[in-house]
Amino acid sequence: MNYWLMKSEPDVFSYDDLVRKGKEHWDGVRNYTARNNMRAMKKGDTALFYHSNIDKAVVGIMNIVKEAYQDPTTEEIAWVCVDVAPKEKLKNPVTLAAIKANPKLADIKLVKQGRLSVCDITKAEFDEIIRMSKQK
DNA sequence: GCCAACGTTGGC
DNA sequence: GCCAACGTTGGC
């Protein structure tokens with residue numbers, strides 16, 4: 001079981017949109033590192049949903065429900081997408097500022113490699129963010 | 001809206 | 001295969 005963090009701009013596609021749809025393919029990724037991460041995803045893996053730009057916060061948890069397959073939004077075989085489904089909305093969003101302020105999360109790729117839209121996180125990092133989401 | 005960081009492209 | 005130029009992302 002692996003843990004991931006996936007970013008989306010909430011005015012384009014938000015966690016609530018995902019909840020409304022029940023399931024969505026995560027397509028449109030055009031970055032090799034992000035793609036490689038998606039290829040490494042296994043059905044049943046867990047991913048955090050991060051809102052970039054406006055919220056700048058982790059807002060929910062998702063399940064990977066289908067492993068990487070050809071991205072339907074392009075003819076190029078280089079690109080893939082995965083299917084995700086909502087698992088749980090965080091009680092309190094965990095903001096980027098809070099993540100940056102937490103020394104336990106100093107090495108998280110979200111901060112270290114800000115532009116990467118799909119990154120892997122450790123179980124410790126995942127657990128810490130979940131813990132933060134449960135406290136006021 | 002600006003700018004820093006970083007990935008990609010293309011000329012050599 | 002290097003590196004400059006350019007484009008894109010995302011935080012502020």
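Chain naming here is simple, since letters A, B, ... match the order of the sequence lines and numbering starts at 1 in each. None of these values were measured; they are calculated from a predicted model.
The distance between the ring centers of A:Trp26 and A:Phe49 falls below 6.0 angstrom.
Residues passing the salt bridge (Lys or Arg N to Asp or Glu O under 4.0 Å) test with A:Asp27, sequence neighbours excluded: none. For A:Lys43, there are no salt bridge (Lys or Arg N to Asp or Glu O under 4.0 Å) partners two or more places apart in sequence or in a different chain. Under the rule for a ring-ring contact (aromatic ring centres under 6.0 Å, His included), the partners of A:Tyr32 that lie at least two apart in sequence or sit in another chain are A:Trp79.
A:Tyr50 and A:Asp55 share no donor-acceptor pair across their side chains, judged by distance under 3.5 Å alone. Side chains of A:Asn92 and A:Gln135: no donor on one and acceptor on the other come within 3.5 Å. In summary, the side chains of A:Arg115 and A:Thr33 do not present any donor paired with an acceptor at a separation below 3.5 Å, with no hydrogens or angles considered.
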Handout entry: Pair assignment for DNA chain C - dot-bracket with | for other-strand partners, Watson-Crick or G-U under 3.5 Å
Key = ||||||||||||
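Residues in residues 8-19 of chain A take part in these side-chain hydrogen bond (donor to acceptor under 3.5 Å, both in side chains) pairs, two or more places apart or across chains: A:Glu9-A:Asn53, A:Ser14-A:Asp17, A:Asp16-A:Lys89, A:Asp17-A:Arg20.
Note on A:Leu96: only backbone sugar-phosphate atoms sit closer than 4.0 angstrom, heavy atoms only; bases stay farther off.
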Practice task
Scan nucleotides 4-10 of chain B nucleotide by nucleotide, 5' to 3', and note B when protein non-hydrogen atoms come under 4.0 Å of the base, S if they reach only the sugar-phosphate, - if neither.
Solution key: -BBSS--
